[in-house]
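Below is one structure, written out as structure tokens; comments come after it.
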2 protein chains.
Amino acid sequence: MRTLPRWREISDDLLHRVQEGEFAHGFPGELALSERYGVSRGTIRQALTPLREQGIVGGGRGRRPYVINTSRTSGFGPMYSLRDAITARGGNESSEVVAQRIVTSPQVSTALGLAAQTPFVHVARVRTADGAPFAMDRLWIIASAAEPLLEADLTETSVHDVLRTRCGVEFDAGVEYTHSVPASAEVADRLAVDEGSPLLTVRRKSCLAGRPAELRDTCAVGDRVTLTHVFGDASAVLDCGGDGRPIEIPWD
Amino acid sequence: MRTLPRWREISDDLLHRVQEGEFAHGFPGELALSERYGVSRGTIRQALTPLREQGIVGGGRGRRPYVINTSRTSGFGPMYSLRDAITARGGNESSEVVAQRIVTSPQVSTALGLAAQTPFVHVARVRTADGAPFAMDRLWIIASAAEPLLEADLTETSVHDVLRTRCGVEFDAGVEYTHSVPASAEVADRLAVDEGSPLLTVRRKSCLAGRPAELRDTCAVGDRVTLTHVFGDASAVLDCGGDGRPIEIPWD
DNA sequence: TAGTGGTCTAGACCACCTT
DNA sequence: AGGTGGTCTAGACCACTAT
């Protein structure tokens, strides 16, 4: 695990402070931050970029800077600008781990363009909110980068967090494919829905230092899950009614 | 329409050249670009940032820079890092415009947090690839910013392009909600699928200068459409087989 | 009018990859 | 070894907003 650049340390620190509510009554400007951290304004701007892109802090030329969203549970990193969050309808969320071991898989290796015998850490979980399953996911990460994952408790912790803190690993590129498919018999059984009912599936392939490193499938119940993506300071269109369900208007 | 910053002009110019294949045999380095455009390296880095984020050019410390993806049809702009493209299975794509007029709508105004009588330009289309409909979309944009849209030919041109070139308008923030829902009778009829079959719906709310400006609903046939998001230099995991459909392996 | 962020410059040093 | 991009500095000027 190499040392992080200064701008990244500052960015992490600011995110942490924001999440603890430190700036609820006003976020400092770039000049003030520049003094506080003892770095140039350019470095501060670099640190603020991800926070602004992800809509965590807002402001703009002339405006007083402010905090938009404190409740953001997501970690930090570029992949979160891809798929910010799967939000379940419900409160208490936990996971049942149904697989957590080393495997090889020709299908996975092929999908990632790796050698057929590449060993992966394989994790599969069923995610539950308030007693009702709302999604299942499974992932394969090249074992050489993710062995501590085998011993982690994944019922309450995200894989991303474990990778970051225990493995010092963060994905730097990737692609996501999202589909809507009918539930197969097996999945319908595990998620307690009717066979054929609409599911949201997301396949993600991620890279580590430019090399394929992870394949992840997420499979979510259509009417229990909303996939949300935020870009920039969207505070003007958040929380103004509706959860994104289509408006009931004829398609004239 | 105000003048664009220099870095943005350079970014647009580079994207244009990339798409015309000018750099197929090698992309210039930052120093070379700095000389060519007569600006400092910082400005060049700013211009390259969106191209690198969207995985259009690649490289890295020490590596020779290169072009990853020329065939990118998408325009330019931050919203495209949200929902890069809806890719249909098929070749010839066109749209049938089923609505293109000024309207007011309490539902839309409410969803955007605007006054109930706000006039919108309303556009609704059914999108077809190789003769089969694969998606429909409808949008409402505040009329004051988008009037030229009323007279545009939208059968072959994207709304985004018209907004950019004719209205000088680009969204700077937004949120997208993605769901999987069963087809209603009306939508099933228009898209030529069975009632109840899985659809992918995307609702987007966008901002212009920090104010709500657009609501857009897209409704796509599950098995004809893939929603793709790319982050960074994902060249290692693109084109290595599979279209993102879930692997057929039991969820042990 | 004061303070903010957006843009831009002209340097510097270093880590990393290719050769 | 030479070239690349990543990081950082210390300035500058300007557009915009709030007051």
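Every chain is numbered from 1, with letters handed out A, B, ... down the list of sequences.
- Each of A:Gly62 and B:Gly60 was matched to the nucleotide of DNA chain D holding its nearest heavy atom; the match closer to the 5' end belongs to B:Gly60.
- Other residues, nucleotides and ligands contribute only 12 or fewer heavy atoms inside 6.0 Å of the CD atom of A:Glu35.
- A:Glu214 places no side-chain N or O within 3.5 Å of a backbone atom of A:Leu208 that could act as its donor or acceptor partner.
- Comparing D:dC8, D:dG6, C:dG5 by their closest approach to the side chain of A:Arg45 singles out C:dG5.
- We find that CG of B:Leu4 is positioned 15 Å from P of D:dA15, with the value rounded to whole Å.
- Applying the 3.5 Å distance criterion, the base of C:dG5 shares no donor-acceptor pair with the side chain of A:Arg52.
- Here C:dC8 is the nucleotide among D:dG5, C:dC8, C:dC17 with the atom lying nearest to any side-chain atom of B:Trp7.
- For the pair A:Arg203 and A:Glu176, the salt-bridge criterion is not met [side-chain N within less than 4.0 Å of a carboxylate O].
- For A:Glu35 and D:dT9, the CD to C1' distance is 16 Å, given to the nearest whole Å.
- Atom OH of A:Tyr66 and atom C1' of D:dT17 are 12 Å apart (whole Å).
- Between B:Phe27 and B:Leu14, some side-chain heavy-atom pair lies under the 4.5 Å cut-off.
- Residue A:Arg41 contributes atom CZ, which lies 11 Å from atom C1' of C:dC8 at whole-angstrom precision.
- Each of A:Thr43 and B:Gly29 lies near DNA chain D, and the nucleotide nearest B:Gly29 is the one positioned closer to the 5' end.
- Between the C1' atom of D:dC16 and the CZ atom of A:Arg64 lies a distance of 15 Å, rounded to the nearest Å.
- The side chain of B:Gln46 approaches C:dT7 more closely than any other nucleotide in the set C:dT4, C:dT7, D:dT9.
- Residue A:Pro65 places its side chain closer to C:dT4 than to any other of C:dT4, C:dT7, D:dT4.
- Applying the 6.0 Å contact sphere to CZ of B:Arg36 captures more than 12 heavy atoms from other residues, nucleotides or ligands.
- The phosphate of C:dG11 (OP1 or OP2) has no side-chain N or O of B:Ser40 nearer than 4.0 angstrom.
- Atom CZ of A:Arg63 and atom P of D:dT19 are 12 Å apart (whole Å).
- Following rounding to the nearest Å, B:Leu31 (CG) and D:dG2 (C1') show an atom-to-atom distance of 13 Å.
- For B:Pro5, the listed nucleotide lying nearest its side chain is C:dC8; candidates were D:dG5, C:dC8, C:dG5.
- Rounded to whole angstrom, the span from the CD1 atom of B:Ile44 across to the P atom of C:dT9 amounts to 9 Å.
- The base of C:dG6 has none of its N or O atoms less than 3.5 Å from a complementary donor or acceptor on the side chain of B:Arg6.
- For B:Arg61, taking side-chain heavy atoms from C-beta onward, the closest of the listed nucleotides C:dT18, D:dC8, C:dA15 is C:dA15.
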